[in-house]
Every structure is written in C-alpha cells, then in structure tokens.
Q: 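A single structure is presented below for examination.
Since the structure is predicted, the reported quantities are computational estimates derived from the model, not experimental observations. Values reported hereafter were calculated over all heavy atoms of this structure, with side chains retained and with hydrogens, waters and symmetry mates removed.
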Amino acid sequence: MAKTEKRKKLSSNAKKALVLCCMVGLLVVTGVLNFVLNSQINNPTDVGTNGGDGNAVETFFNSHRSNRETARAEEFSYLDAIIKSESASETVKASAEQKQVELLEFIEKELVLESIIKAKGFDDAVVTMSTNNLNVIVNKAELTSQDVAQIVGAMLSETDYARNQVYVMSYSV
C-alpha cells in the first residue's frame with residue numbers, strides 16, 4: 001500500500017518535469033529524423049534516370065509528411081498528459097479532448113484533400129490544415145493560374161475555409 005501512496009503523491013512539479021522530459025525526447029527524435037532525411041536529400045545515393053530529382057522530390061514530400069506526423073504526435077502526447085493530469089481542471093481537460101478531436105478531423109481531411117489533388121492529375125501533394133489556414137504544396141515546377149484555381153476550388157468545396165485562407169505553393173528541385 002505504501003507504493004501506491006507514493007505513486008499518487010507525485011507532485012505537480014514532478015508531473016510537469018515528466019511531461020517536459022517526454023516533449024524534449026520527442027523533439028530530439030524529430031531533430032534526428034530531420035537531419036537524416038535532409039542528409040538523404042543533399043546526398044542522394046540512388047540516382048535514377050531523371051538525375052536524382054525525382055528521388056529528392058519524393059524525399060521532400062515524405063519528409064514533410066513525417067515531420068507533420070511527428071508534430072501531431074507531440075501534440076497528442078501533450079494533450080494526453082493534460083487529460084490524465086489530476087491537477088488539471090475539468091474545463092482544461094474538456095478543452096484538451098476537444099483539441100484532440102479537432103486534430104483527428106484535420107488528419108482525416110488532409111488525407112482526403114491530398115487524394116483529391118492527386119486525382120486531379122498532380123503527381124504528389126501535401127496538405128496541412130490549421131484553424132486559421134490551409135496550406136497546399138504541389139509537386140509541379142510551376143503552377144499556372146488554372147492549376148491554382150483548380151486546387152483552390154477543390155479545397156473550398158471540401159472545407160469551410162475562405163479563399164484568403166488557402167495557400168497553394170509549387171515544389172520542384
């Protein structure tokens with residue numbers, strides 16, 4: 001029984017320190033992944049028929065998705081710590097739960113939007129949503145105004161964002 005009492009008596013500072021250590025650990029993992037993926041972009045070992053550009057573009061999009069997933073995992077971890085905290089108020093816990101639901105909706109919608117862009121004939125795309133804006137990066141050297149209009153139209157029809165909240169960018173090596 002003494003062990004269970006000691007576990008329950010973790011101070012607020014100890015809990016904060018534990019959450020902070022987890023966040024720092026995730027940050028270190030993100031940094032290492034970023035370093036490894038960037039070194040693969042800068043030193044491609046697999047040069048294809050297009051001079052390696054396709055590999056670098058593929059690596060960029062995969063790296064961007066990986067970084068987005070890592071950042072979201074950190075957010076979920078932080079929100080879980082708030083929800084499980086005994087010292088957090090019910091209002092704060094409810095807010096953290098609502099934020100988790102919002103993040104899940106963003107993740108699902110991003111996958112759908114990326115698929116729609118690919119279905120419109122673009123090789124690859126990454127969509128990142130937040131409460132304020134929607135960012136789209138498309139695998140194409142130059143986007144015509146018709147391309148941008150097509151992408152923005154699809155984004156507006158599938159989301160509740162206004163035109164001035166949708167940003168479309170091209171990516172090429």
Q: Tell me whether R163 contacts the main-chain N or O of L156 through its side chain, where contact means a donor paired with an acceptor under 3.5 Å.
A: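 Judged by distance alone, no pair lies under 3.5 Å.
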
Q: If only atom types and distance count, is the side chain of T70 paired as donor or acceptor with the main-chain N or O of S66 below 3.5 Å?
A: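 Judged by distance alone, yes, a pair lies under 3.5 Å.
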
Q: Do the side chains of L111 and L104 join up, straight or via other hydrophobic residues, at under 4.5 Å, putting them in one cluster?
A: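 Cluster IDs for L111 and L104 differ.
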
Q: Can you see which heavy atom on A141 is nearest to which on S170, and at what distance?
A: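 Nearest heavy atoms, A141 then S170: O-OG, 3.4 Å.
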
Q: Looking only at non-hydrogen atoms, find the nearest pair between N132 and Q165 and report the distance.
A: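 Answer, listing the atom of N132 first, then Q165: O-NE2, 3.2 Å.
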
Q: Salt bridge check, E69 against R72: does any charged N sit closer than 4.0 Å to a carboxylate O?
A: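 Not counted as a salt bridge, because no side-chain N and carboxylate O are separated by less than 4.0 Å.
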
Q: Under a 3.5 Å threshold, yes or no: a donor from one side chain and an acceptor from the other, between N133 and S130?
A: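 Side-chain D/A pair, N133 to S130: present.
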
Q: Any chance you could measure D80, atom CG, to S85, atom OG, to the nearest 0.5 Å?
A: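 Output value for this atom pair is 12.0 Å.
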
Q: Going by salt bridge (charged side-chain N to carboxylate O under 4.0 Å, His left out), name the pairs with one or both residues in residues 121-144, residues two or more places apart or in two chains.
A: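 Passing the test, one end in residues 121-144: R65-D124, K118-D124, K140-D147.
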
Q: Which pair of heavy atoms, one from Y161 and one from V166, lies closest together, and at what distance?
A: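 Answer, listing the atom of Y161 first, then V166: CB-CG2, 4.1 Å.
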
Q: With side chains defined as the heavy atoms from C-beta onward, is the minimum distance between M129 and E105 less than 4.5 Å?
A: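 Not in contact.
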
Q: Is H64 close to T128 at the side-chain level, that is, under 4.5 Å between some pair of heavy atoms?
A: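 Yes, side chains in contact.
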
Q: Which class fits the ring pair Y171 and F61: parallel under 30°, tilted 30 to 60°, perpendicular over 60°?
A: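 Answer is perpendicular, since the angle exceeds 60°.
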
Q: In Å, rounded to the nearest 0.5 Å, how long is the span from CE of M155 to CD1 of I116?
A: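 It comes to 6.0 Å.
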
Q: Using side-chain heavy atoms (C-beta onward) and a distance below 4.5 Å, is I117 in contact with E114?
A: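 No. Closest side-chain heavy atoms not under 4.5 Å.
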
Q: Nearest 0.5 angstrom please: E110 CD to N135 CG, how far?
A: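 Reported value, rounded in 0.5 Å steps: 10.0 Å.
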
Q: Determine, using the 4.5 Å side-chain heavy-atom cutoff (strictly less than), whether V92 and Y78 are members of one ILVMFWY cluster.
A: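 Cluster IDs for V92 and Y78 match.
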
Q: Measuring from Q100:CD to S95:OG, what's the distance to the nearest 0.5 Å?
A: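 Separation between the atoms: 10.5 Å.
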
Q: From the options L113, I151, V152, select the one residue that forms a side chain to side chain contact (heavy atoms under 4.5 Å, CB included) with V136.
A: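 When side chain to side chain contact (heavy atoms under 4.5 Å, CB included) is applied between V136 and each of L113, I151, V152, only I151 qualifies.
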
Q: For E158, is there any backbone N or O sitting under 3.5 Å from a side-chain donor or acceptor partner on K109?
A: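 Checking the backbone N and O of E158 against the side chain of K109, a donor-acceptor pair under 3.5 Å is found.
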
Q: To the closest 0.5 Å, what do you measure between NZ (K93) and CD1 (I83)?
A: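 That separation rounds to 9.0 Å.
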
Q: Once rounded to the nearest 0.5 Å, what's the spacing between atom CZ of F106 and atom CG of L134?
A: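 Answer for the CZ-CG pair, F106 versus L134, is 9.5 Å.
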
